[in-house]
Amino acid sequence: MVKKSMFSNPLHVGRPNVGDRDRFLERINGALDRLWLANNGPLVREFEARVAEMAGTEHCVPVANATTGIQIAAKAAGLQPGDEVIVPSFTSPATPHALQWVGLVPVFCDVEATTANADPEHVEQLIGPKTRAIVGVHVFGRPCEIDQLSKLAEWHGIPVLFDAAQAVGCTYKGKPVGGFGSAEIFSFHATKYVNSFEGGAIVTNDERIASQARVMRNLGLDDNRETVACGINGRMTEAAAAMGLTSLEAMEAFMEINRENHESYRDGLAGLPGVKVYEQADEERANHQYVVIEVDAATAGIHRDAVQAALTEHNVLARPYFHPGCHMIDPYRGRPDVHTPLPLPRTEALCERVLSLPTGTAVGPAEIAAVCEIIRDACAGA
Ligand code: T4K
């Protein structure tokens, strides 16, 4: 039986990874010396080049965060207020909110039980006369069915965008995530394994979308400082780019630590009935930035919420990403203009089972062993 409060300090999910501090401070000092702190400065331009290189794309437009990036990408792809966009319900509220905020109408699809990603068959069923785009999400960094969603979009003559907020550094069929669909959007939020404090990037091979996005990110101003579109301030700062560049330099090391952590959790929870560690596709490069367990209450004899409560007692602050499904939250639930045929059974079942556990540089084998022991104890006591 585990002792009371295993950890004196909270063990968080989403603890930021910090790269080489000296290198970061050097970059910050450079920005202060140059007195160039924002508006597409040299660090942002360098970050842009590094992210494009990592994603293997022709263009990268750094932005203030992924939420703004989704909004800008949707508008740059030509979507207009009132257009319906099919999006999975099992995602961060950031995805539908970003769409809703620019006047689009999210239509929620169900997910595949094994991958937690959008079910292409359900997407196909939902495509109707007002559908103007599909937004796939690479949930927990595992790429969604990119080929099938892209084919559907092509058949219907509509764009497909990918919310790649969680999939920095991952591959799909051996190619880096970033170059698929009309555009993909990365997040470099503090809680992501590669972070720029707050930040994001739109990556694309579409010259028109990239140039539109650049203008829209900068209040609609073009290179000649003429206002040519209704823009927004979606710019990244030099301080964010300094952190982003430093973090990117450590990306491989962070990924390796995440991979080892994932393995330690898998070993630590092996054979525990009803508790499954979410897996990435074997043949792909995965960032493992989220370690997610699925607790099947019927088999485990305990609900996910009780496992979370047991962890909280020990100062382990696990997170039920994503619960509830976006179709169950305001402003979407019950709204007549959000045409989601209910229920979404696989999404709803998954939302009751998932729990994200601490990973990244803040934890190691000893912490993970203790977390697994708490979970085993909770299940045994149920
Ligand atoms: N699409 C998807 C699929 C996403 O997952 C997200 C973001 C987006 C789009 C939008 O990307 P951004 O616009 O954010 O670039 C967190 C993140 O804030 C959010 O970025 C992320 N998804 C989501 C999955 O997780 P919260 O509300 O859970 O964050 P919060 O403040 O509760 O922090 C989470 C944990 O991290 C806590 O235990 C505390 C810890 N933490 C957090 C911060 C900020 C730290 O230890 N240090 C820190 O600096 O959303």
Side-chain angles (χ1 to χ4, degrees), residues 7 9-18 47 51 61-74 85 87-102 106 108 111 115-118 135-144 161-168 170 177 183-203 217 232 234-237 239-240 243-244 247 278 287 289-292 308 311-312 315-326 329 347 350-351 354-363 367 371:
F7 296 98
N9 293 318
L11 215 57
H12 289 280
V13 167
R15 213 63 171 150
N17 300 318
V18 178
F47 184 67
V51 172
V61 184
V63 284
N65 52 62
T67 307
T68 315
I70 295 169
Q71 294 171 327
I72 293 174
V85 178
V87 59
S89 167
F90 190 73
T91 181
S92 162
T95 321
H97 285 354
L99 302 170
Q100 171 83 13
W101 195 261
V102 291
F108 295 109
V111 291
T115 64
N117 277 324
V135 173
V137 182
H138 307 316
V139 171
F140 306 138
R142 182 172 178 147
C144 61
L161 300 168
F162 294 107
D163 174 342
Q166 304 191 342
V168 168
C170 300
V177 163
E184 302 204 53
I185 302 95
F186 290 139
S187 172
F188 298 102
H189 181 260
T191 55
K192 300 293 184 279
Y193 84 111
V194 175
N195 87 85
S196 64
F197 293 166
E198 283 268 11
I202 301 164
V203 280
R217 156 189 83 162
I232 194 170
R235 297 178 299 239
M236 177 179 262
T237 66
M243 186 63 170
S247 199
Y278 178 87
N287 62 30
Q289 73 178 314
Y290 292 94
V291 171
V292 182
Q308 184 183 5
L311 287 164
T312 305
N315 235 346
V316 179
L317 308 181
R319 287 292 180 99
Y321 294 137
F322 299 105
H323 175 269
C326 290
I329 59 171
T347 298
L350 198 58
C351 289
V354 281
L355 194 59
S356 284
L357 303 175
T359 185
T361 50
V363 299
E367 287 84 7
V371 172

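Atoms within each ligand, like the ligands themselves, are counted from 1 in listed order. Every heavy atom of this structure was used, including side-chain atoms; hydrogens, water molecules and symmetry mates were not. This is a predicted model, so every value here is computed, not measured.
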Under-4.0 Å heavy-atom contact with ligand 1, by part of Tyr290 that carries it:
side chain
Protein heavy-atom partner closest to atom 17 (C) of ligand 1 - residue, atom, separation in Å
Thr191 OG1, 3.4 Å
For the residue pair Gly200 and Phe188, what are the closest heavy atoms and their distance?
CA-CD1, 3.8 Å
Counting each atom of ligand 1 from 1 as listed, which ones have a heavy atom of Ser92 under 4.0 Å away?
2 (C), 4 (C), 5 (O), 6 (C)
Taking the side chain as every heavy atom from C-beta outward, state whether Val111 and Thr115 have any pair of such atoms under 4.5 Å apart.
no
Can you tell me if Arg217 uses its side chain to pair, donor with acceptor, with the backbone of Pro62 under 3.5 Å?
yes
Distance-minimising heavy-atom pair for Cys326 and Thr91:
SG-O, 3.4 Å
Numbered atoms and elements of ligand 1 in range of Thr95, under 4.0 angstrom, heavy atoms
1 (N)
Grab the two heavy atoms, one from Asn117 and one from Val137, that are nearest each other, plus how far apart they are.
OD1-O, 2.8 Å
Side chain, backbone, both or neither: which part of Phe188 has a heavy atom under 4.0 Å from ligand 1?
neither
Does at least one non-hydrogen atom of Leu317 fall below 4.0 angstrom from an atom of ligand 1?
no
Using a strict cut-off of 4.0 Å, indicate which atoms of ligand 1 neighbour a heavy atom of Lys192.
5 (O), 7 (C), 19 (C), 20 (O), 21 (C), 22 (N)
Answer with side chain, backbone, both or neither: which part of Ala165 has a heavy atom less than 4.0 angstrom from an atom of ligand 1?
side chain
Scan the protein's non-hydrogen atoms and note whether one is under 4.0 Å from atom 31 (O) of ligand 1.
no
For Arg15, the atoms of ligand 1 under 4.0 Å from one of its heavy atoms are 45 (C), 46 (O)
Considering only protein heavy atoms, which is closest to atom 41 (N) of ligand 1, and at what distance to one decimal place?
Gly14 O, 3.6 Å
Got an N/O contact under 3.5 Å between Ala66 and ligand 1?
yes
Looking at atom 9 (C) of ligand 1, what's its closest protein heavy atom, distance included?
Asp163 OD2, 3.4 Å
I'd like to check Glu367 versus Pro358 (side-chain heavy atoms, cut-off strictly below 4.5 Å). Are they in contact?
no
Leu99 and Ile70: side chain to side chain contact (heavy atoms under 4.5 Å, CB included), yes or no, with the steps?
CA-CA 7 Å; Leu99 302 170; Ile70 295 169; 3.9 Å; yes
Only one of Val363, Leu317, Leu357, Leu311 clears side chain to side chain contact (heavy atoms under 4.5 Å, CB included) with Leu11; which?
Val363
What's the shortest distance from atom 48 (C) of ligand 1 to any protein heavy atom, and which residue and atom give it?
Pro16 CG, 3.8 Å
Restricting to heavy atoms, the pick from Arg319, His189, His97 nearest atom 37 (C) of ligand 1 would be Arg319
Under the 3.5 angstrom rule, does the side chain of Gln289 hit a backbone N or O of Gly141 as a donor-acceptor pair?
no
Would you name the heavy atoms of Ala164 and His138 that are closest together and state the gap between them?
CB-CD2, 3.6 Å
Heavy atoms, side chains only, cut-off 4.5 Å: are Ser356 and Val292 in contact?
yes
Can you classify the ring geometry of Tyr278 versus Phe140 as parallel (below 30°), tilted (30 to 60°) or perpendicular (above 60°)?
perpendicular
Judged by heavy atoms only, the candidate from Phe322, Phe90, Tyr321 nearest atom 16 (C) of ligand 1 is Tyr321
Are Gly200 and ligand 1 in contact, using a heavy-atom cut-off of under 4.0 Å?
no
For Phe186 and Val177, work out which heavy atoms get closest and say how close.
CZ-O, 3.5 Å
Checking heavy atoms under 4.0 Å, the part of Glu198 that sits near ligand 1 is neither
Identity and distance of the protein heavy atom lying nearest atom 5 (O) of ligand 1:
Gln166 NE2, 2.9 Å
Which ligand 1 atoms are under 4.0 Å away from a heavy-atom of Ala94?
8 (C), 9 (C), 10 (C)
Scanning both residues in full, the closest heavy-atom pair of Asn315 with Asn9 reads ND2-C, 3.7 Å
Check Thr67 against ligand 1 and report side chain, backbone, both or neither, counting heavy atoms closer than 4.0 Å.
both
So, His189 side chain and Thr191 main chain: donor-acceptor pair closer than 3.5 Å or not?
yes
For ligand 1, is there an N or O atom under 3.5 Å from any N or O atom of Val13?
yes
Going by the atom numbers of ligand 1, which of them fall below 4.0 Å from some non-hydrogen atom of Ser187?
11 (O), 12 (P), 15 (O)
For ligand 1 and His12, I'd like to know whether there is a polar contact (N/O to N/O, distance under 3.5 Å).
yes
Taking only heavy atoms of Thr91 into account, list the atoms of ligand 1 that are under 4.0 Å away from them.
3 (C)
